[in-house]
Amino acid sequence: MIRITPSLLAADFWRLGEMVPGVEEAGADGLHLDLMDGCFVPNLTFGPMVVEALRPHTKLTFDAHLMVRSAQDYFPLLAPHCSLVSVHPETDPHLHRTLSALRDRGLEAGVALNPSTPPSVLDYVLELVDSVLIMTVNPGFGGQKFLPAMLPKIREARRKLDATGRRVPIVVDGGIDVSTAPLCVEAGATVLVAGTSVFRHQGGIAAGIRTLREAAGSSVSGLEA
Ligand code: DX5
Ligand code: ZN
């Protein structure tokens, strides 16, 4: 079962209030929220106050992707609103402690990996990991080109996670569209984050989600055949 969680980064920020219920009506499985602090990545987006303001306007689960230096500072502010919070180990020497802190707050604990970060960072924290996000572009901006070199990394992460005997989702994030989604699904991804290909789809958000789901599904049936 493939989940599609559109990234609000590509939405029209002038009309955020109507975009969020619109994504739910369009058939999304959750909403991906990119929090950037201008330090860990060279861009700034929005913070927990905006997440809180959006919360009453949809039943969709919120997945927060923290591209920030001090991720733990945000946990108490995000915990009432989000289901999953993903942190970057590149900015954190204490990943084990951070993942434990997420779970202690009742959040699912996600690890997000930059393109140059190997999946081996997961090795000694696997039992604390509820989700692995593999960046398929460099973090910070939407609309970038998918990095095909991430496909073997998705496969390697899939092997590691399957060996735990638990069902841990692999999220792919960046440059996901109808041509790259099937490649990621075939490699072992189960959650597709898509900004540009959903919010900027010529036929509208619903058409963006539908075509992505069809593309991802065709890869699964291809594998089963
Ligand atoms: C980039 C973000 C992504 C971004 C993806 O740092 O993590 O979630 O919104 O955007 P697209 O789908 O346009 O590549
Ligand atoms: Zn993201």
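These figures come from a predicted structure and were not determined experimentally. Every number for a ligand or one of its atoms is a count from 1 in the order of the listing.
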Using distance alone, determine whether [X] and ligand 1 share an N or O pair under 3.5 Å.
X	value
Ser197	no
Asn138	no
Val137	no
Leu9	no

Of the side chain and backbone of Ala194, name the one, both, or neither that has a heavy atom under 4.0 Å from an atom of ligand 1. backbone
Distance filter under 4.0 Å to [X] heavy atoms, resulting ligand 1 atoms:
X	result
Asp173	2 (C), 3 (C), 4 (C), 5 (C), 7 (O), 8 (O)
His32	8 (O)
Gly174	14 (O)
Pro139	6 (O)
Met67	6 (O), 7 (O)
Thr196	11 (P), 12 (O), 13 (O)
His65	7 (O)

Around atom 10 (O) of ligand 1, find the nearest protein heavy atom and jot down its residue, atom name and distance.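 Here the nearest protein heavy atom works out to Gly142 CA, 3.5 Å.
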Inspect the contact between Asp162 and Arg159 and indicate whether a charged nitrogen and a carboxylate oxygen are less than 4.0 angstrom apart. no
Closest N/O/S atom of Asp173 to the Zn ion (ligand 2), by atom name? OD2
Can we call the ring centroids of His96 and Tyr124 under 6.0 Å apart?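 Centroid distance His96-Tyr124: not below 6.0 Å, so no.
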Within the supplied structure, the quantity of interest is the number of heavy atoms (other residues, nucleotides, ligands) at a distance under 6.0 Å from Arg166 CZ; does it exceed 12? yes
Out of curiosity, is Phe141 lining ligand 1, as in a heavy atom under 4.0 Å away? yes
